[in-house]
2 protein chains.
Amino acid sequence: MSGSMGRREREHAQRYNDILDAAEECFAEKGFHGTTVEDVANRAEFAVGTLYKFFSSKDELYKALIKERVEYLIQAGLEAMADVVGTEELVRCYIETKVRLCRAKPNFLRLYTRERMGDRFAKTELWREVVWPNFERLYTRLTEAFEAGIAEGALRDDIEVFDMVVALDNITDGFLFDALDDDDIDKYATKVEVMMRLFFDGVARK
Amino acid sequence: MSGSMGRREREHAQRYNDILDAAEECFAEKGFHGTTVEDVANRAEFAVGTLYKFFSSKDELYKALIKERVEYLIQAGLEAMADVVGTEELVRCYIETKVRLCRAKPNFLRLYTRERMGDRFAKTELWREVVWPNFERLYTRLTEAFEAGIAEGALRDDIEVFDMVVALDNITDGFLFDALDDDDIDKYATKVEVMMRLFFDGVARK
DNA sequence: TCATTATATGAATTGATATTCACAAGATGA
DNA sequence: TCATCTTGTGAATATCAATTCATATAATGA
């Protein structure tokens, strides 16, 4: 894409992204309201006024950031899972991809979590228009895979697939948050097999 | 306790609680920053100045609310589980208590969730001093029960108890959030058995 | 080089809302 | 009934941070 842009455009896009990066760090650290436009400007090494040449308001900046990153994350996740066949392999891939993305963008995952939990119940436009639709794509992918899993006898047929997806998503999130708490992604990485067993076999002694 | 108070004290405590109730509704609806002190005052049917006779700042009001309610919820949960024996019975009790509390205080659970996710990573004083210590009491109760469960052979011994607690807490939260999303607590209540099976047996066909 | 255009700056403005405080109203008990 | 003490009021003030804009600086290309 950047090949088709002139230097002007390319530099503009570069600055735009620098601002998003700065915003990501600030918002992840101190939340939307705890972050001032000046904070972001300082971190990006621009004057306040300059930010307003790129984004019409603090709100727009925040929305642009969430949109950009959520779309990137979900896209990356779906691509990683694209060619995987077999229920167990898919779940493993889902979990491992979560590790990779968490390693690549820990700040954003903190931010995303806040967005997911904080604005979820408030049903903000951002949640409805950007976060949820993207998230739904992932849920759909998992749902279809689990339906296939039931059909071929790998998964039990007395639990709704949506409930299985909720369980998988939340078990993995639980370990992820615990790791983000301690700023220790390796901790999450070592739990891949634990999550697999918890999800597929549960905790009961067999 | 209220028996030992004079009318003065009792009335003061009553007003104090009325303000907390009003604050709970406002904060749950519009978040901390979206709520003005005037909103709370109006809802409580007091003048702004009066609120400041009870709480020295908006921040103090918020902290008092979270502290009060978190302590109440955890206490109620622990008491409900106090005499339960047997791993399966305890887990069922945990899940069912969550339904009851969610029914009793849905607004606060929305607020609590926000607090848990939003301030968790920011490691606010409120999180460190109030929310987490209470939460930990619950984790301890479950941890001990699961250790007993392993000892008596009801639970597998190749997964750390802390991980089991994380899984249980997050599976149940997943269904809880889904229900709170739709403002439909009954939806959560119908999932008790599903959560039990997911937690104990997992999704694999046996 | 110089005129023109694009980009960057940050002090000044604006708007919102948390907090204060001088005063009012109500309760209490002599 | 009156003096005193307690509680309630909300307009006025203080604070903080988003946004604007007149001006400065840098890039372009004739």
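The sequence lines fix the lettering, A, B, ..., with proteins before strands; numbering per chain opens at 1.
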*At under 4.0 Å, does any side-chain N or O of B:R7 touch on OP1 or OP2 of C:dT28?*
yes
*Map A:T50 and A:F32 onto DNA chain D by nearest heavy atom, then report which one ends up closer to the 5' terminus.*
A:F32
*Residue whose nearest DNA chain C nucleotide is more 5′ - A:R8 or A:G49*: A:R8
*Taking everything shown except A:E38 itself, do over 12 heavy atoms lie less than 6.0 Å from its CD?*
no
*Starting at CD1 of B:I74, measure out to CZ of B:R69 and round the result to the nearest 0.5 Å.*
14.5 Å
*Do NZ/NE/NH1/NH2 and the carboxylate oxygens of A:R110 and A:D183 come within less than 4.0 Å?*
yes
*Would you say a side-chain N or O of A:R15 is under 4.0 Å from OP1 or OP2 of C:dT7?*
no
*Which whole-number value in Å describes the distance from B:F27 CZ to C:dA18 C1'?*
12 Å
*Could you state the interatomic distance from CE (A:M81) to CZ (A:R92), rounded to the nearest 0.5 Å?*
15.0 Å
*With sugar-phosphate meaning primed atoms plus P, OP1 and OP2, does A:K53 contact a base, only sugar-phosphate, or nothing at under 4.0 Å between heavy atoms?*
base
*D:dT19, D:dG8, C:dG10: which one has an atom nearest the side-chain heavy atoms of A:K58?*
D:dT19
*So which one's nearest nucleotide on DNA chain D is more toward 5', B:H12 or B:V48?*
B:H12
*Assign A:T36 to base, sugar-phosphate, or nothing according to its heavy-atom contacts below 4.0 angstrom with the strands shown.*
sugar-phosphate
